[in-house]
Number of protein chains: 2
Amino acid sequence: MDRRSGIAIGALSRRTGCHVETIRYYERIGLLPAPARRGRYRLYGAADVARLAFVRRARELGFTLEEVRALLALAAEGEGACAEARELAAAHLADVRARIADLRAMEAALAEAVRRCDAGEAPGCPLIGALSGRAAPA
Amino acid sequence: MDRRSGIAIGALSRRTGCHVETIRYYERIGLLPAPARRGRYRLYGAADVARLAFVRRARELGFTLEEVRALLALAAEGEGACAEARELAAAHLADVRARIADLRAMEAALAEAVRRCDAGEAPGCPLIGALSGRAAPA
DNA sequence: GCTTGAGTCTGTAGTCGCTACAGACGGTAG
DNA sequence: CTACCGTCTGTAGCGACTACAGACTCAAGC
């Protein structure tokens, strides 16, 4: 299957948990280098596995593909790049926190609406009422 | 400006905080009905303002446009639809909570990485190290 | 040898919720 | 009458995939 030279895209997919189509997509946008080929088939080595795993972990932390691109470049630079990486992460962290705050506001409003639905207090549906602009009674 | 018959799209935009292009987009996808016209210009009445405000509030709660469509239909039905609206909201609430959980995991990992960067403990960048798959020391 | 089935290939189009034009037309103030 | 803003239609772009269609390659079983 991999006569000493590497693994096929399906094996890489299984190893990294990244869909085959997504791997090809990453290659197309230049996030992954064009790999070696055996015939028409892509052939991946250890460095490719590591790079894709890096991308996957960064994506799991919510970095955008452009940020991942920057992180990959910084990782290639080695030392020195730490301060820049820290900046990227800190900016992204602020973004994540803002999104959490937004979602928490949604959560509170939704939970309240559902609670009032369950209580069955007001005439009419409290959820639809709230969306229609009728303020909730205290 | 609005000789008794309604307001223009720009005024509707200002009143609802919804971009002009977005209003036209909502119309195109059938979320808003095609409004009356004065000449070539769209002309909106009170019902249009209310409907768009409803959409805006639902979007602020994070409902998808398809969910908003369903909510609008339920609102039009009046009573009886409350149980269904509740179901929609409860499902969406679960979704929001799942997203919050995801983001919190990201937040924790990012905050930890930034903290370890600041501590400057390990050799090399801890953030890049973590992305590269080198587990953080306890 | 021949077939079958899984895997892979390229290329294109769809998703969601907008956003950003281009290029033409309408209405009003100076 | 001209300048300028608002509005019109239509199309294309964004991010990050996802989902095909239709062709090919390869290894295994009969």
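Here is how names work: the chains are called A, B, and so on, in the same order as the sequence lines, proteins then strands, and each is numbered from 1. Worth knowing before you read on, the calculation uses all heavy atoms, side chains too, and leaves out hydrogens, waters and symmetry mates.
- B:Phe63 comes within contact range of no nucleotide atom at all, as no heavy-atom separation falls under 4.0 Å.
- Between A:Arg24 and A:Glu27 there is no salt bridge, since no side-chain N of the basic residue sits under 4.0 Å from a carboxylate O of the acidic one.
- Spacing between atom CD1 of B:Ile7 and atom P of C:dG27 amounts to 18 Å, rounded to whole angstrom units.
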Taking only N/O atoms, report every protein-nucleotides 7-11 of chain C pair under 3.5 Å with atom names and distance.
unit_1: C:dG7; atom_1: N2; unit_2: A:Tyr41; atom_2: OH; d: 2.4
unit_1: C:dT8; atom_1: OP1; unit_2: A:Gly10; atom_2: N; d: 3.0
unit_1: C:dT8; atom_1: OP2; unit_2: A:Gly10; atom_2: N; d: 3.3
unit_1: C:dC9; atom_1: OP1; unit_2: A:Arg42; atom_2: N; d: 2.5
unit_1: C:dC9; atom_1: OP1; unit_2: A:Arg42; atom_2: NH1; d: 3.1
unit_1: C:dC9; atom_1: OP2; unit_2: A:Arg24; atom_2: NH1; d: 2.9
unit_1: C:dC9; atom_1: OP2; unit_2: A:Arg42; atom_2: NH1; d: 3.2
unit_1: C:dC9; atom_1: O5'; unit_2: A:Arg42; atom_2: NH1; d: 3.3
unit_1: C:dC9; atom_1: O3'; unit_2: A:Arg37; atom_2: NH1; d: 3.4
unit_1: C:dT10; atom_1: OP1; unit_2: A:Arg37; atom_2: NH1; d: 3.1
unit_1: C:dT10; atom_1: OP1; unit_2: A:Arg37; atom_2: NH2; d: 3.1
unit_1: C:dT10; atom_1: OP2; unit_2: A:Arg42; atom_2: NH1; d: 2.8
unit_1: C:dT10; atom_1: OP2; unit_2: A:Arg42; atom_2: NH2; d: 2.6

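- At the phosphate of D:dC17, neither OP1 nor OP2 sits under 4.0 Å from any side-chain N or O atom of A:His19.
- When side chains are defined from C-beta on, B:Thr16 does not count as touching B:Val55, because their heavy atoms never get closer than 4.5 Å.
- We find that CD of A:Glu21 is positioned 17 Å from P of C:dT15, with the value rounded to whole Å.
- Distance B:Tyr25 OH to C:dA20 C1': 15 Å, rounded to the nearest Å.
- Between B:Leu12 and B:Val20 there is no side-chain heavy-atom pair separated by less than 4.5 Å.
- Salt bridge annotation for B:Glu60-B:Arg57: absent, with no cationic side-chain nitrogen under 4.0 angstrom from a carboxylate oxygen.
- A salt bridge links B:Glu112 with B:Arg115: at least one charged nitrogen is closer than 4.0 Å to a carboxylate oxygen.
- The CD1 atom of A:Ile23 sits 15 Å away from the P atom of D:dA19 (whole-angstrom rounding).
- For the residue pair A:Leu110 and B:Val96, the shortest heavy atom distance occurs at CD1-CG2, 4.0 Å.
- A sub-4.0 Å separation between OP1 or OP2 of C:dG17 and a side-chain N or O of B:Thr22 is absent.
- Rounded to a whole Å, the CG atom of B:Leu32 is 14 Å from the P atom of C:dG17.
- Distance from the side chain of A:Arg59 is smallest to D:dA16 among C:dC18, C:dA20, D:dA16.
- The phosphate of C:dG27 (OP1 or OP2) has no side-chain N or O of B:Arg38 nearer than 4.0 angstrom.
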